[in-house]
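Have a look at the structure below before the remarks.
Side-chain atoms are counted along with the backbone in the values below, which use heavy atoms only and exclude waters and symmetry mates. Per chain, numbering begins at 1; letters A, B, ... match sequence-line order.
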Amino acid sequence: MIDILCSLTYLSCGRVVTPLFQKLLSASDADLTLSRLVIPKKCAEAYFPRLSGPHKIPINILDTDGKEWNFHFRFWPNSRSKMYVLEGLRDYMVSKKWQAGDVVTFYRIEPGQKLVMG
DNA sequence: AGCCATGCACCG
DNA sequence: CGGTGCATGGCT
């Protein structure tokens, strides 16, 4: 996981975004059967919607082409902590040909808090 | 201390 | 018997 300095950026689709963080995809992140992405805890709590309990919430995220994707965001209770995951990525992973070792970058559309993943 | 990659029990 | 939902353990 790599933190990024906050600097406004234009995506190829024309949107103005702030880069938030990147993640190097692990083998399990890239596993099509699991089709879920572990979100580093500090990034999840800083940039993702607040979760009031251990239930998934729907979350709409754009890719860098501006296409909308519907995922679910939740955490797993873990012995005295939490692990945050983004679920339902199967179609996205197939479409983007995600592989372990790839890097995914999260952005926030400015102004607002809508997320972009690409 | 505790994150996070992955193991794995158990439920349908 | 494939996936969910959490546990485990290597690592820092």
Side chains of residues 48-57 of chain A: which donor-acceptor partners sit under 3.5 Å, not counting sequence neighbours?
none

Next item on the list: Could you pull out all residues at least two apart from A/F75 that satisfy ring pair (Phe, Tyr, Trp, His ring centres under 6.0 Å)?
Entry: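 For A/F75 the ring pair (Phe, Tyr, Trp, His ring centres under 6.0 Å) partners, ignoring immediate neighbours, are A/Y84.
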Check: Would you say B/dA5 has OP1 or OP2 under 4.0 Å from some side-chain N or O of A/K23?
Finding: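 For A/K23, the contact criterion (side-chain N or O under 4.0 Å from OP1 or OP2 of B/dA5) is met.
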Item checked: Stretch residues 78-86 of chain A: residues that reach within less than 4.0 Å of DNA chain B through a heavy atom ->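 Close to the strand are A/N78, A/S81, A/M83.
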If you compare all heavy atoms of [X] against all heavy atoms of [Y], which two are closest, and at what distance to 0.1 Å?
| X | Y | answer |
| --- | --- | --- |
| A/K23 | A/L37 | CD-CD1, 4.1 Å |
| A/L86 | A/L89 | O-CD1, 3.7 Å |
| A/S35 | A/R90 | CB-N, 3.5 Å |
| A/S7 | A/P19 | O-CD, 2.9 Å |
| A/F73 | A/A44 | CZ-CB, 4.0 Å |

Margin query: Test of understanding: with side-chain contact (heavy atoms from CB on, under 4.5 Å), list the residues that count as partners of A/R15, not counting sequence neighbours.
Written below: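 A/R15 satisfies side-chain contact (heavy atoms from CB on, under 4.5 Å) with A/C13, A/V17, A/L62, A/I109 once adjacent residues are dropped.
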Next item on the list: Name all residues meeting the side-chain contact (heavy atoms from CB on, under 4.5 Å) criterion together with A/M83; count only those two or more places apart in sequence or in a different chain, and write none if there are none.
Entry: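 Only A/V38, A/W76, A/N78 meet the side-chain contact (heavy atoms from CB on, under 4.5 Å) criterion with A/M83.
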Item checked: Covered region of DNA chain C, 5' end to 3' end, by chain A [heavy atoms, under 4.0 Å] ->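 Result: C/dG3 to C/dT8.
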Notebook entry, point to check: What orientation do A/F21 and A/Y47 show, parallel under 30°, tilted 30 to 60°, or perpendicular over 60°?
Noted result: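 Taking A/Y47 first and then A/F21, their aromatic rings lie parallel (interplane angle under 30°).
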Notebook entry, point to check: Can you check the A/I39 CD1 to B/dA5 P distance for me, whole Å?
Noted result: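 Rounded to the whole Å, the gap is 10 Å.
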Next item on the list: Answer with base, sugar-phosphate or nothing: what part of the nucleic acid does A/S28 contact at a heavy-atom distance below 4.0 Å?
Entry: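 The residue A/S28 makes base contact.
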Notebook entry, point to check: Just by protein heavy atoms under 4.0 Å, how would nucleotides 7-12 of chain B read 5' to 3' in B, S and -?
Noted result: B-----
Check: Of A/L11, A/I61, A/L20, A/T105, which is the lone residue that meets side-chain contact (heavy atoms from CB on, under 4.5 Å) with A/V116?
Finding: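 Filter result, single survivor: A/L11.
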Margin query: By the side chain to side chain donor-acceptor pair (under 3.5 Å) test, which pairs, at least two apart or in different chains, include something from residues 59-69 of chain A?
Written below: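 Of all non-adjacent pairs touching residues 59-69 of chain A, those that pass side chain to side chain donor-acceptor pair (under 3.5 Å) are A/N60-A/E68, A/N60-A/N70, A/N60-A/K114, A/D63-A/W69, A/D63-A/K96.
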Next item on the list: Identify, with sequence neighbours excluded, every residue that meets salt bridge (charged side-chain N to carboxylate O under 4.0 Å, His left out) alongside A/E110.
Entry: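 Per chain and number, A/E110 pairs via salt bridge (charged side-chain N to carboxylate O under 4.0 Å, His left out) with A/R108.
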Check: Got a sec? Which of residues 48-55 of chain A come in under 4.0 Å of DNA chain C, heavy atoms?
Finding: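 None - not one residue of the stretch has a heavy atom sitting under 4.0 Å from the strand.
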